[in-house]
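No hydrogens, no waters, no symmetry mates; every other heavy atom, side chains included, goes into these values. Start at 1 with the first residue, then count along the sequence.
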Amino acid sequence: MSGPGSVVFGRLPRWVVHPMVLAFAYVLNTALANEVEPAGYVRALVVATLLAGLLTVAAWMVVRNRWDGALVVSGLILVAVSPVSLAWVWTSMRTAFGALLGTALTAVLLAMALGVVGVRLLRVRRQGHPLPRPAPEILNVFSFALLVAVVGSNVGSIVLPASAPDPPPAGWHADGADQPDIVVLLLDGYPRTDVLERRFGADDTAFLDALRQRGFDVASTNHSNYTLTELTFASMFQMRYVDEIPSLEPFIGTGRQENAALRDAAESGQAFSILRAAGYEVSWAPGGWEHVALRRAADRFLDSGELTDFERSVIHRTWFLYLLDAVWPTVFTDAQRERIVHAFDTLDSFATEQADQSRFLFLHVPAPHLPPVVNADGTPTALQATRFEASGRQGYGMTDSEFRDAWQAELDYVAGRVIHGIDLLLDSERGREAVIIVMSDHGYGFELQQGDVQARLGNLFATRTPGAPDLFDDPPTPVNLFRILFNSYLGTQFPLLSDRYFLQGSRQLDLTEIQDPDEVPK
């Protein structure tokens with residue numbers, strides 16, 4: 001019989017789908033392993049499948065045989081996502097032997113591998129034998145079997161429907177009055193001003209003074225309860241500590257990844273039930289991290305569509321990262337910069353909207369969380385894609401002074417956009433009566449120094465509370481934020497919780513409670 005390979009099931013298959021199924025399975029496995037909810041990975045599935053299809057058509061046109069073309073593309077996919085891929089070898093070599101020698105050694109290993117394959121193929125051709133390759137129908141079956149295995153091995157990670165929200169407190173009823181809008185501007189990872197000065201020599205006093213001039217109370221001794229965003233969100237919207245949330249109690253101290261459980265705890269928090277019972281429309285602008293994208297808690301999910309952390313991880317695990325780094329080195333930086341810009345554009349639009357009901361806006365800005373991706377004038381930095389996921393200045397290839405300048409530049413841009421959006425709010429009658437909170441979820445979480453607890457827990461906190469002056473004169477930790485707000489503006493009677501502080505181990509719920517949140521290295 002003519003045609004590529006042996007035919008096991010009879011005639012050659014009319015369709016060769018294994019490249020597309022393999023790409024689909026890879027993305028799905030990454031999504032399920034990281035407990036991303038379906039809305040967060042549909043786009044990646046579609047793009048990966050279409051890209052595999054386009055590559056298959058291109059390979060078919062080059063080799064003039066659809067079965068061999070598909071075989072080439074499947075081989076590329078398997079090599080790309082293999083734990084021992086060219087990207088992994090290259091990174092390991094560069095880490096072990098330095099950039100120049102590591103790259104040279106990688107090239108030698110690649111040449112040797114290709115040489116062995118080339119010699120084998122030449123011998124086969126000279127002997128007049130057909131080139132060995134798997135049968136195409138076997139590859140179709142294999143790819144679908146792999147997809148089934150992906151689903152089966154991750155069945156415990158499939159995101160289930162959200163838990164029912166905790167109801168408002170018994171005996172409390174909204175009075176039906178026109179409540180003030182509530183705007184929360186969460187600047188991810190923005191350290192407290194004394195931490196900024198001590199750790200980086202950075203200065204944000206002009207920003208804080210501008211907030212004070214606009215009627216804000218700016219705290220200087222405040223802390224977060226946790227050092228991870230997902231823990232802060234779960235406790236803040238549940239209005240209780242993570243170890244007191246029934247759905248999370250079984251996971252405390254287990255050292256397991258619990259993205260879905262923490263996200264579900266935040267989405268089902270009592271804070272959202274109270275807001276809706278009081279007539280608020282809930283708008284959520286995400287920061288681009290799927291594990292804290294609270295889609296199911298929002299009436300309006302204001303996503304501007306840039307790459308998410310999950311989509312970056314799909315690329316980062318393959319050699320496509322190095323291809324992108326060669327042709328579009330700032331692809332991740334550009335996308336993150338656009339997300340930051342669009343987040344503040346969302347604030348500007350919200351400030352000028354006409355509304356018939358009270359509104360709650362939670363704006364999660366992925367800045368000044370590292371890496372620094374935007375200059376003070378709003379232009380993007382030139383950080384390469386291969387350095388984007390690094391964890392500090394050395395990984396970014398920056399000197400101390402370059403890192404400090406980049407950090408200060410992003411702080412300046414963030415400050416300018418925050419003040420601009422607040423000015424737009426205060427230009428409207430509704431905005432002047434709005435409760436505005438400018439805060440961060442935690443302090444500085446990179447390049448950790450032993451004993452520098454203050455840097456990790458010291459966060460930004462500034463509030464404007466019309467009709468309730470000095471409401472946050474004693475700055476609360478995030479777990480008490482909504483308890484105080486709702487008591488003052490919505491008539492609830494929540495008791496305040498005692499402040500507690502936690503550091504995390506290797507996983508989110510590996511918690512160690514500490515007593516001194518202002519401990520610094522000696």
Side-chain angles (χ1 to χ4, degrees), residues 185-229 232 340 365-378 381 383 390-396 398-420 422 437-464 472-478 499 501 503 514 516-522:
L185 307 182
L186 188 130
L187 309 178
D188 201 294
Y190 196 121
R192 209 171 62 190
T193 186
D194 55 339
V195 174
L196 279 174
E197 196 281 329
R198 175 172 61 82
R199 285 291 298 270
F200 314 107
D203 182 9
D204 69 342
T205 54
F207 173 44
L208 303 185
D209 288 343
L211 290 173
R212 292 186 183 97
Q213 292 168 8
R214 287 156 177 80
F216 280 77
D217 295 317
V218 180
S220 60
T221 60
N222 50 289
H223 309 88
S224 183
N225 306 107
Y226 300 96
T227 62
L228 293 178
T229 306
T232 296
I340 294 169
V365 183
H369 189 287
L370 296 185
V373 298
V374 59
N375 297 311
D377 61 358
T381 64
L383 186 67
S391 58
R393 67 195 77 188
Q394 291 183 344
Y396 304 141
M398 296 179 180
T399 64
D400 288 352
S401 61
E402 288 171 339
F403 179 77
R404 182 172 59 251
D405 291 345
W407 180 262
Q408 183 71 62
E410 184 151 302
L411 288 172
D412 291 343
Y413 176 77
V414 168
R417 290 302 306 262
V418 169
I419 296 301
H420 177 73
I422 288 173
I437 300 164
V438 182
M439 65 177 291
S440 60
D441 45 350
H442 52 75
Y444 187 73
F446 292 83
E447 300 173 323
L448 299 179
Q449 294 181 2
Q450 188 69 26
D452 197 351
V453 176
Q454 184 188 75
R456 300 178 69 182
L457 290 172
N459 67 321
L460 172 70
F461 190 76
T463 57
R464 188 177 187 276
F472 294 108
D473 189 47
D474 184 14
T477 55
D499 288 331
Y501 311 99
L503 299 181
I514 62 170
D516 182 7
D518 273 318
E519 181 182 355
V520 297
K522 297 180 180 179

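To the nearest 0.5 angstrom, R214 atom CZ is 10.5 Å from D209 atom CG. Distance CG/L187 to CZ/F207: 6.0 Å, rounded to 0.5 Å. Taking CG of L370 as the start and OH of Y396 as the end, the distance is 4.0 Å to the nearest 0.5 Å. With values rounded to the nearest 0.5 angstrom, D217 atom CG is found 10.5 Å from R464 atom CZ. Put simply, CZ on R393 and OG on S401 are 10.0 Å apart, with the number rounded to the nearest 0.5 Å. For the atom pair CZ of F403 and CD of Q394, the computed distance is 11.0 Å after rounding to the nearest 0.5 Å.
Residues V438 and Y190 form no side-chain contact, since every pair of their non-hydrogen atoms from C-beta on lies 4.5 Å or further apart. Side-chain contact between F461 and P476 is present, with heavy atoms from C-beta onward closer than 4.5 Å. Put simply, the side chain of V453 does not reach to within 4.5 Å of the side chain of D516, judged on heavy atoms.
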**CA sep, side-chain torsions, deciding dist, call: I514, L457, side chain to side chain contact (heavy atoms under 4.5 Å, CB included)** = CA-CA 11 Å; I514 62 170; L457 290 172; 3.7 Å; yes

**Asked** Between V374 and R417, is a side chain to side chain contact (heavy atoms under 4.5 Å, CB included) present by the stated rule, with each step listed?
**Response** CA-CA 12 Å; V374 59; R417 290 302 306 262; over 6 Å; no

**Prompt:** How far apart are the C-alpha atoms of F216 and I422, what are their side-chain angles, what is the distance that settles it, and do they pass the side chain to side chain contact (heavy atoms under 4.5 Å, CB included) test?
**Reply:** CA-CA 11 Å; F216 280 77; I422 288 173; 3.6 Å; yes

**Request:** Show your reasoning for whether side chain to side chain contact (heavy atoms under 4.5 Å, CB included) applies to R198 and V520.
**Result:** CA-CA 10 Å; R198 175 172 61 82; V520 297; 3.7 Å; yes

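S440 contributes a side-chain N or O that, together with a main-chain N or O of L460, makes up a donor-acceptor pair within less than 3.5 Å. Under a 3.5 Å cut-off, the side chain of N375 and the backbone N or O of D377 do not form any donor-acceptor pair. Here the side chain of Y226 pairs no donor or acceptor atom with the backbone of H442 at under 3.5 angstrom. With hydrogens and angles ignored, the 3.5 Å screen pairs no side-chain donor or acceptor of Q454 with any backbone N or O of V195.
Of all heavy-atom pairs between Y501 and H223, the closest is CE2-CB, 3.7 Å. The nearest pair of heavy atoms linking E410 to P368 is OE2-CA, 3.4 Å. Residues M439 and P478 approach most closely at CE-CG, 4.2 Å, considering heavy atoms. Looking at every heavy atom in both residues, V218 comes nearest to A462 through CG2-CB, 3.9 Å. Contact record, D188 with P366: CB-CA, 4.3 Å, taken as the closest heavy-atom pair.
The side-chain hydrogen bond (donor to acceptor under 3.5 Å, both in side chains) test with N225 is passed by exactly one of T477, T232, D441, N459: T477. The salt bridge (Lys or Arg N to Asp or Glu O under 4.0 Å) test with R199 is passed by exactly one of D400, D452, D194: D452.
Side-chain contact check for D204 and T193: at least one donor-acceptor pair (N or O, by modelled atom type) lies under 3.5 Å. A donor-acceptor contact under 3.5 angstrom links the side chains of D412 and Q408, judged on distance only.
Scored by the side-chain hydrogen bond (donor to acceptor under 3.5 Å, both in side chains) test, R456 finds no partners at all (sequence neighbours excluded). Every residue meeting the ring pair (Phe, Tyr, Trp, His ring centres under 6.0 Å) condition with F200, not counting sequence neighbours, appears here in chain and number order: W407, Y444.
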